[in-house]
Peer 1: 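Take this structure, written in structure tokens, and hold onto it; I'll ask about it next.
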Amino acid sequence: MSERLLNFLLVEDDEIDVMNVQRAFKKNNMVNPLYTASNGVEALSELRRGAIPTERTIVLLDLNMPQMNGLEFLREVRKDPRLHALPVVVLTTSDLERDKIEAYDMNVAGYIVKPVTFSAFVEVMATLKKYWSLVELP
Amino acid sequence: MIRPNPTQVIERPASDEGRLRDELERLAHIGSWAWHVAANRVTWSDELYRIYGLEPGSIEVTFEAYLSRVHEEDRPRIVEHVQAALARGGAFEYEERILRPDGAVRYLRSRGEVVTDGAGQPVRMIGTCQDITVEKAAEEHERQLLSERIARQEAELAQRRLRELFQQAPAAIALTVGPEHRFELANPAYVQLSGRDPLGKTMREAFPEAQVFLTLLDRAFATGEPYAGQEMPVHFAADDGPGQRWFNFVYQPIRDGAGRVYGIMTHAVEVTEQVEARRAVERQAAELAQLTRALERSNTELDQFAYVASHDLKAPLRGIASLSAWIEEDLSDAASPELRRNLDLLRSRVQRLESLIDGILAYARVGRSNGHAEPVDLEGLVAETIDLLAVPADVEVRKATALPVVTGTRTSLQQVFQNLLGNALKHNRAERRWIEVGAREHGAAWELWVGDNGPGIAPQFHERIWGIFQTLRPRDEVEGTGIGLALVKKIVEGSGGRVWLESEPGRGATFRFTWPKNGGIERFL
């Protein structure tokens, strides 16, 4: 098993949700680098200027955000020749059918509705980590 | 049969008395004759010869000679009369037409008498012939005058009828003549409808404001083609009535004997009331459609609002839940039991608030699900639901009847049974718990029920339980959001059915609802 760690980029505007992910990482003893951006604009510019690695990075994307929401961010990413192959997992509170369809139209790797309780959230993160460590990435 | 002897002797009166008689006969246009039957010898007076257009004494007269001068059509009748007179005796009278040698027809009235011998045998016949041609002609003239008068009266009557028809017709009728359309006739309905008497005037003079109609009249006159106008709006200049009036009318070109158009008949019926009534209906329909659209819009907005509200309400809720968990975690051993209990309570309230929000969302979504109406086998659906609810082993599930296949949205029907069966389980504290499910036909609908032997519900609550967020017991005792029955009611009523409850405290409860057989079309806007 190649021990090059996966990077995670969390695009999330809610401070508590960011803490949620951070604490879940800690609880699961995940040492993977976790980058955060509070909206799509910030995430895009960080990715483009190389502050966040674009290889072996899984994007955890919230949908409802100010300035540039998740779907708009996704559209920009898929148009960008350097970023278009980024694996993106939507992590949102929205279970609107419309959002799901639109997200999958833009080739998301998954769509997860945020569980309410922290313990459930910890589970979700553990499963995500386990899954992505199985996946071969270029 | 009379078989007269052809040998005849003509008696000629020669005395003064004879001459006097002759004069008198001439004055009276009466001739006389005598017929010796046995000898078949007939004598005619001079006047009789003259009546026949003959020189007196110029022919020998026999019965046959007489008969040959009678009009052909009258001969059989004359023969009959004479035979009858000979057989019967006495007097007789008839009229006949005779032909003069120049072809002139004369009308005669013949009177005669049979003279018999002692044995009653006819010996002679005598009689007179009066020339009544002049009287006949006068009579004929009279008859002709009479029939002419009758014909004239009939014609007048027919004309009067026609005029009455024209005057009293429940439609405006007018006749205009010539290329200028001069009004020759206009019935009272026309005058009343148009509000003026156009007689003698041209169309342009009578209706200077009606340019459109003038054009149409011109065209009908020129082409000979009738024009029919449907619901034409007409504005009369000097009109006190409704501002706008509508007419159905026909311009019918009228042709003379040679086929040339000489005028146009106008036939018009006012249809203002009908048009206005229809417009009112159309207006109402448009308003209704607009209302429907507004309602659809507001429902969509409500749906979106419910979604957004519940989404946005849940976000901070999740934050509170997470924070409370972290606080407890971070305090670890330092947390007192009381603090832990309070944090537990905090989280349970968060849970409840979340359930309530989910409830609102579910309620708002009823009828908007993506499901479509399909045949649903309730046997299978109820079995699945019982599985899903994880009914404890000690609860007896009774099937009172077989369950039908109904038409409806699968998810909606599942929600109905899930809530009713769930309630039956949740509140039941009986020693031997049972749930009963059944169905029966109820006219055009199925009546379905879910019964239990739980605590039952007092009648004063039977209405209230269907309201949203209504619970009968403290939430700490039985976890419930009070949305379930509201959801059931909304689904069932949306499908054209109804819900009701039969229950007494301590006697269990039976929730019943109907579901139309024709598919339970979900009638949500």
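Worth knowing before you read on, the calculation uses all heavy atoms, side chains too, and leaves out hydrogens, waters and symmetry mates. Residue numbering restarts at 1 for every chain, and letters A, B, ... go by the order of the sequence lines.
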Peer 1: Evaluate the side-chain contact (heavy atoms from CB on, under 4.5 Å) criterion for residues B/Arg318 and A/Phe121: first the C-alpha distance (whole Å), next the side-chain angles of each, then the deciding distance (0.1 Å), finally the verdict.
Peer 2: CA-CA 11 Å; B/Arg318 231 185 0 262; A/Phe121 200 84; over 6 Å; no
Peer 1: Quick one: what part of A/Ser94 sits under 4.5 Å from any heavy atom of chain B, side chain, backbone, both or neither?
Peer 2: both
Peer 1: Where do B/Ser322 and A/Ile16 come nearest, in terms of heavy atoms and distance?
Peer 2: CB-CG2, 4.3 Å
Peer 1: Below 4.5 Å from any heavy atom of chain A, which atoms of B/Leu317 appear? Answer side chain, backbone, both or neither.
Peer 2: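 For B/Leu317, no heavy atom lies under 4.5 Å from chain A.
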Peer 1: With a 6.0 Å cut-off (strictly less than), is the heavy-atom count around CZ of A/Arg48, excluding the residue itself, greater than 12?
Peer 2: yes
Peer 1: Give, for atom NZ of A/Lys27 and atom CD of B/Glu329, the distance between the pair rounded to the nearest 0.5 Å.
Peer 2: 3.5 Å
